[in-house]
Amino acid sequence: MANVTVIGAQWGDEGKGKIVDWLASRADAVVRFQGGHNAGHTLVVGEQVYKLSLLPSGIVTGTLSIIGNGVVLDPWALKAEVEKLEGQGVVINTENFAIADNCPLILPIHGVLDGLREAAAGSGKIGTTGRGIGPAYEDKVGRRAIRVCDLAHLDALEPQLDRLCAHHDALRAGFGEAPVDRAALIDALKQIAPFVLQYAQPVWKRLNKVRKAGARILFEGAQGVLLDVDHGTYPFVTSSNTVSGTAASGSGLGPSATGFVLGIVKAYTTRVGSGPFPTELEDATGQRLGERGHEFGTVTGRKRRCGWFDAVLVRQSCAISGVTGIALTKVDVLDGFDKVKICTGYRLNGKVLDYFPSHAADQANVEPIYEEMEGWSGTTAGARSWADLPAQAIKYIQRVQELIETPVALVSTSPEREDTILVRDPFQD
Ligand code: GDP
Ligand code: IMO
Ligand code: MG
C-alpha cells in the first residue's frame, strides 16, 4: 500500500496542514517526524479553524496520530494544545494518539536560551520562533537531553541533570543568568509526567505493525526544505532535517516507507524570519500578496515576507527531497494580477546560475531573472476541478511544473478542506 510523505518545498507555511487534513481521511495513521511547536499548521473545515503546532493534522479527522522520535516535544505546549483542540470538539485519547517514548523534550531552559541568543545577536539574529527548538536539538545530539521515557524514571534523573546543567549553567553564566533552578525543573516535570506518559510508547513498533497489516501511513513534515539544517539557507534555518528522508529516521520505519513524496508548494514565495530571499518584493505587489494571502505567522503572528514564485529554489528542493509530485497551493491569491512573474535563474558576478549557491553571501547577492506571464481575470478561488480554472491559470500551473521538473498532483484553491483539485492520487500504488 502506498504511503505519502508531505513536506514543505519552500520556507514553510506552504499549506501543509490543509493538504494533510485533506489526505488524512484516507490514511490509517498520520505521523509527525521532525520539528516541534515551531510549526503552525492551519486547517479550515467549514466554520471551524484549527491551528496545530505539535499534534499531527490527522487528529482532526480522528485518524491515528503519532509524534515520532524525530520531533522535539514541549510537554506543556502539548498539554495546552490538546486542551485547546478538545475545546473545539476534537477527540484525543490513547486510542488515536501516541508519542514516541524516545522523543527528546523541550524544557523551559531551551526557550530561555533561544531568547537570550537571539537578543544578543542583534541584527544578525535568525528570527527564530523562540520555542527553544535549536537548543533542544543541540542537547539531543550532545547526548544530554531528557527524553519522554525519562519521565517514568524521574527519581533517577540526577546524573542526567548534572550533565545537562553543567552545559546550560556555563552558557547562562555567559549571559549573566542564574544557574538552572533544578528543583523547580524536577517539580515541573513531575507534574506534567502523567499527562505525557499516558500516550508514550515505542511507536516504531506500532508503526511497523500497522504497516505490515497494510495500513497507509501519511507523514506530515514541518517547516520546508529551504529551512533544512543541511540543505537550507544556512545559518538561517531551523535545527532539524526537513527533507523527506527524515520521515524514516524520525519515525522508526525504513526509507522505503516514505512512498510518494508530496512537496507542498505555494504559488508564490513567503518567508518568516531573517535570511536571503531572492524574489522578495518590498513594494506594493509584495504588500498585495501578503494581504490577499493573509500572510501572518500562525505561531508568532509575524508578518511574512512575500515575493514572486522562485522556480530555481523549488526545482532544487524537489531534487534534494526526491519529490514525486507537488501540491500547488494558494493559486487563488494570484487571481486578479495583470501580470505574474516567475524566477527562472539567477545572475551572480556576471554569471547565470540555474541553482541556489551554498554560501550565505552569494545567496544574498543573487539577482533573479524573471519570466513574465499574463495574469488571469477570472477566479480560481474555490475551484474543485481542472475545468473550473481560467485558461491562463492553467498555463501558469503548467509553466511551474515544467520549470521545477516535477508534476503537479494537487492544486489548492482556498483554505477550505474541500477546495482542492486532484490531478494524480498520491495514495495510488
Ligand atoms: P503550513 O505551515 O504549511 O501548514 O501552512 P500555514 O497553515 O502556516 O499557512 C498556510 C495558510 O494558507 C493557512 O492560513 C491556510 O488556511 C491557508 N491556505 C492553505 N491553502 C490555501 C489556498 O489554496 N488558498 C488560500 N487562499 N489559502 C490557503
Ligand atoms: P511550518 O511547519 C515557517 C523559521 C523561523 C526562523 C527559522 C528558525 O508552519 O511551515 P526555529 O524556531 O525553528 O529555530 O526558527 O525557521 N520557521 C518557520 N517558518 N514555517 C514554519 O513551520 C517554521 N518553523 C520555523 O521563522 O526563520
Ligand atoms: Mg505554518
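Ligands are counted one by one from 1 in listed order, and the atoms in each one are counted from 1 as well. Starting from 1, each residue takes its place in the sequence as its number.
- Of all protein heavy atoms, the one lying nearest to atom 2 (O) of ligand 1 is Gly40 O, 2.8 Å.
- Looking at Lys16 against ligand 1, both its backbone and its side chain come within 4.0 Å, counting heavy atoms.
- Ligand 2 lies less than 4.0 angstrom from a heavy atom belonging to Arg302.
- Contact annotation for Ser414 and ligand 1: only backbone heavy atoms (N, CA, C, O) come within less than 4.0 Å of the ligand.
- When the options Val261, Val30, Leu218 are evaluated for a side chain to side chain contact (heavy atoms under 4.5 Å, CB included) with Val6, the one that passes is Leu218.
- Aromatic pair Phe427/Phe260: centroids not less than 6.0 angstrom apart.
- Each of the atoms 4 (O) of ligand 1 lies under 4.0 Å from some heavy atom of Gly17.
- Contacts with ligand 1 closer than 4.0 Å are made by backbone heavy atoms (N, CA, C, O) of Thr413 only, the side chain lying farther away.
- A ring-centre distance under 6.0 Å is not found for Trp376 and Phe337.
- Backbone and side-chain nitrogen or oxygen atoms of Asp114 are examined, and none is located within less than 3.5 angstrom of a nitrogen or oxygen of ligand 2.
- Residues Ile7 and Ser321 come closest through the heavy atom pair CD1-OG, 3.1 Å.
- Some N or O of Val272 is nearer than 3.5 Å to an N or O of ligand 2, by distance alone.
- Remark: among candidates Gln223, Lys16, Gln34, Lys51, the nearest residue to atom 25 (C) of ligand 2 is Gln223, based on non-hydrogen atoms.
- The pair Arg384-Asp419 meets the salt-bridge criterion, since a charged nitrogen lies less than 4.0 angstrom from a carboxylate oxygen.
- Of the listed residues (Thr129, Val237, Asp13, Thr42), the one carrying the non-hydrogen atom nearest atom 8 (C) of ligand 2 is Val237.
- The shortest N or O to N or O distance between Glu14 and ligand 2 is not under 3.5 Å.
- Residue Ser412 has at least one heavy-atom neighbour below 4.0 Å for each of these atoms of ligand 1: 20 (N), 21 (C), 22 (C), 23 (O).
- Using a 4.0 Å cut-off between a side-chain N of Lys or Arg and a carboxylate O of Asp or Glu, Arg32 and Glu220 do not qualify as a salt bridge.
- When distances from the Mg ion (ligand 3) to the N, O or S atoms of Asp13 are compared, OD1 comes out shortest.
- For ligand 1, the atoms sitting less than 4.0 Å from at least one non-hydrogen atom of Arg304 are 8 (O), 9 (O), numbered in the order shown with element in parentheses.
- Of the candidates Leu227, Thr238, Asn38, the one placing a heavy atom closest to atom 17 (N) of ligand 2 is Leu227.
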request  = Mind running side-chain contact (heavy atoms from CB on, under 4.5 Å) on Thr238 and Ile133 for me, showing each step along the way?
outcome  = CA-CA 8 Å; Thr238 190; Ile133 305 294; 4.0 Å; yes
ask   = Do Lys330 and Glu295 pass the side-chain contact (heavy atoms from CB on, under 4.5 Å) test, and can you show the C-alpha distance, the side-chain angles, and the key distance before you say yes or no?
value = CA-CA 11 Å; Lys330 304 192 91 160; Glu295 296 295 354; 2.9 Å; yes
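- The closest approach between any non-hydrogen atom of His41 and ligand 2 is below 4.0 Å.
- Listed by number with element, the atoms of ligand 2 under 4.0 Å from a non-hydrogen atom of Trp11 are 3 (C), 19 (N).
- Of all the heavy atoms of Glu220, none lies under 4.0 Å from any atom of ligand 1, so neither backbone nor side chain is involved.
- Ligand 2 has no atom lying under 4.0 Å from any heavy atom of Ser239.
- Near His41, the atoms of ligand 1 lying under 4.0 angstrom from a non-hydrogen atom of the residue are 1 (P), 2 (O), 4 (O), 7 (O).
- Using 4.0 Å as the threshold, Gly224 has no heavy atom nearer than that to any atom of ligand 2.
- Under 4.0 angstrom from ligand 1, the non-hydrogen atoms of Asp13 come from both its backbone and its side chain.
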